[in-house]
Enquirer: 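The structure that follows is given in the form of structure tokens.
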Amino acid sequence: MSFIIAIHVSEGFVMASDSRITFTTTEPPVNGVQSIKVGTHVSDTLYKTFLTRSGVGISTCGDSTLNNHPLAGDIEAYINTYGDETVDQMKDSIRTFFRALKQDLNTTFILTGYVIDEEQNKLIPRYYKVNIAADSVEDLSSYSAVWDGETGVLSRLINTFYTKNQDGTYIEHPGEEILWRYFTLQDAIDFARYAVQVTIDTMRFQRTVKTVGGNVDVLVIRPEGGTWISRKELK
């Protein structure tokens, strides 16, 4: 599945993702029962966050394979063709490109970047979530942070939760507010890395398929361009 997060602060955007890809196979039905083999192959070397020539950040989660190969190669092909576009242009071209490959591709992209406001003559931030199968674009401008993929661990840590009494009533335990608006760029980097790593570490001990793992890649997008804070390298 994956876990990706993007945080917007006054200085720029921070994007982070894990590196795991899990291949599964579905066996033909036997006596009317279809079996699914999970984890036929697992790799911790998949790129899920990308930087384009124009300074746009792209993170992806959901389906990570296409036509029996990792989706990362297709994303690189997309960037080779459309990597000079602005983030506003990419929110449309990325749907066209991947829907031409597979219309029901259940993959989500988060796009961050800056565009020129002609009236104000300055760069302004843009922030989108694109889903290929739904052919949808969501403007995230009103959000300070968004995350997608295996969101359960982080959501339970920071959101309101409830415990059930013996009489069937519930006690509310409000989550403590996270003061996104006061984050510095370094705070956002630290939180993004924490969010991915806590998901990896928690899932390690859970009775669940370990779909998040490997190195944490962290990318910063500022008006002047993108900078890798951490990124796995070929050796």
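Note that the coordinates shown come from a computational prediction; the quantities given were computed from them, not determined experimentally.
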Enquirer: State yes or no: do I110 and V137 share one hydrophobic cluster built from I, L, V, M, F, W and Y residues joined by side-chain heavy-atom distances below 4.5 Å, directly or via other members?
Expert: no
Enquirer: Looking at I200, V212, T202, which hits side-chain contact (heavy atoms from CB on, under 4.5 Å) with E150?
Expert: V212
Enquirer: Calculate, to the nearest 0.5 Å, the distance between atoms CD and CG belonging to E176 and N159 respectively.
Expert: 12.5 Å
Enquirer: Under 3.5 Å, is there a donor on one side chain and an acceptor on the other for T112 and H8?
Expert: no
Enquirer: Give a yes or no on whether N121 atom CG has more than 12 heavy-atom contacts from other residues, nucleotides or ligands under 6.0 Å away.
Expert: no
Enquirer: Are I21 and T45 packed together at the side-chain level, in the sense that at least one heavy-atom pair is separated by less than 4.5 angstrom?
Expert: no
Enquirer: Please report the shortest heavy-atom distance between M203 and V209, naming the atom on each side.
Expert: CE-O, 3.3 Å
Enquirer: Think R231 forms a cation-pi with Y47, using NZ or CZ under 6.0 Å from the six-ring centre and within 45 degrees of its axis?
Expert: yes
Enquirer: Which atom pairs, donor and acceptor, lie under 3.5 Å between side-chain atoms of residues 213-227 and protein residues at least two apart or in another chain?
Expert:
{"unit_1": "D217", "atom_1": "OD1", "unit_2": "K232", "atom_2": "N", "d": "3.1"}
{"unit_1": "D217", "atom_1": "OD2", "unit_2": "K232", "atom_2": "NZ", "d": "2.4"}

Enquirer: Any side-chain heavy atom of L71 within less than 4.5 Å of one from D63?
Expert: no
Enquirer: Indicate yes or no: at least one non-hydrogen side-chain atom of T96 is less than 4.5 angstrom from one of Y78.
Expert: no
Enquirer: Please report the interatomic distance CD1(I116) to NZ(K122), rounded to the nearest 0.5 Å.
Expert: 13.0 Å
Enquirer: Are side-chain N/O atoms of T22 and T211 paired as donor and acceptor at under 3.5 Å?
Expert: no
Enquirer: Taking a hydrophobic cluster as the set of Ile, Leu, Val, Met, Phe, Trp and Tyr residues connected by side-chain heavy atoms closer than 4.5 Å, whether directly or through intermediates, do Y143 and I189 fall within one such cluster?
Expert: no
Enquirer: In terms of ring plane angle, is the pair Y127 and F13 parallel, tilted or perpendicular, where the classes change at 30° and 60°?
Expert: tilted
Enquirer: For T208, does its backbone N or O pair with a side-chain atom of K210 as donor and acceptor, under 3.5 Å?
Expert: yes
Enquirer: Are L123 and L140 in one and the same hydrophobic cluster, where Ile, Leu, Val, Met, Phe, Trp and Tyr link if side-chain heavy atoms are under 4.5 Å apart?
Expert: yes
Enquirer: Work out which heavy atom in M90 is nearest to a heavy atom in G83; give both atom names and the distance.
Expert: CE-CA, 3.8 Å
Enquirer: Check S2 against D18 and note the closest heavy-atom contact, atom names and distance.
Expert: CA-OD1, 3.4 Å
Enquirer: T108 and N131: which non-hydrogen atoms are nearest, and at how many Å?
Expert: OG1-ND2, 3.1 Å
Enquirer: Judged by modelled atom types alone, do T169 and D167 share a side-chain donor-acceptor pair under 3.5 Å?
Expert: yes
Enquirer: How about S155 and F161: do any of their side-chain heavy atoms sit closer than 4.5 Å?
Expert: no
Enquirer: Roughly how far, to the nearest 0.5 Å, is OH of Y194 from CG of L157?
Expert: 4.5 Å
Enquirer: With heavy-atom distances below 4.5 Å as the criterion, would you say the side chains of T49 and W228 are in contact?
Expert: yes
Enquirer: What about L111 and W147, same hydrophobic cluster or not, with Ile/Leu/Val/Met/Phe/Trp/Tyr joined at side-chain heavy-atom distances under 4.5 Å?
Expert: no
Enquirer: Can you name the closest pair of heavy atoms from Y128 and D139 and give their distance?
Expert: CD2-CA, 4.0 Å
Enquirer: Indicate yes or no for a side-chain donor-acceptor contact from K129 to the backbone of S136 under 3.5 Å, with no hydrogens or angles considered.
Expert: no
Enquirer: With a 4.5 Å limit on heavy-atom distance, are the side chains of L154 and F3 in contact?
Expert: yes
Enquirer: Using every non-hydrogen atom in the two residues, find where P70 and F23 come nearest and quote the distance to one decimal.
Expert: CG-CZ, 4.3 Å
Enquirer: Taking atom CD of Q89 and atom NZ of K91, what is their separation to the nearest 0.5 Å?
Expert: 9.0 Å
Enquirer: Roughly how far, to the nearest 0.5 Å, is CG of D190 from CD of Q186?
Expert: 4.5 Å
Enquirer: If we ignore hydrogens and angles and just use 3.5 Å, is the side chain of S54 paired with the main-chain N or O of E85 as donor and acceptor?
Expert: yes
Enquirer: Side-chain heavy atoms under 4.5 Å apart, restricted to Ile/Leu/Val/Met/Phe/Trp/Tyr: what other residues fall into the cluster of I171, or is it alone?
Expert: none
Enquirer: Less than 4.5 Å apart, side chain to side chain, heavy atoms only: is that true for F191 and I7?
Expert: yes
Enquirer: Cluster question for you: counting only ILVMFWY and a side-chain heavy-atom cut-off of under 4.5 Å, with indirect links fine, are V130 and I75 together?
Expert: yes
Enquirer: Take a 6.0 Å sphere around CD of E233 and say whether it holds more than 12 heavy atoms from other residues, nucleotides or ligands.
Expert: no
Enquirer: Say you draw a straight line from CD1 of I4 to CG of D148; how long is it, rounded to the nearest 0.5 Å?
Expert: 5.5 Å
Enquirer: Does a salt bridge link R95 with D92, judged by any charged N lying under 4.0 Å from a carboxylate O?
Expert: yes
Enquirer: Answer whether the closest heavy-atom distance between the side chains of L66 and L101 falls below 4.5 Å.
Expert: yes
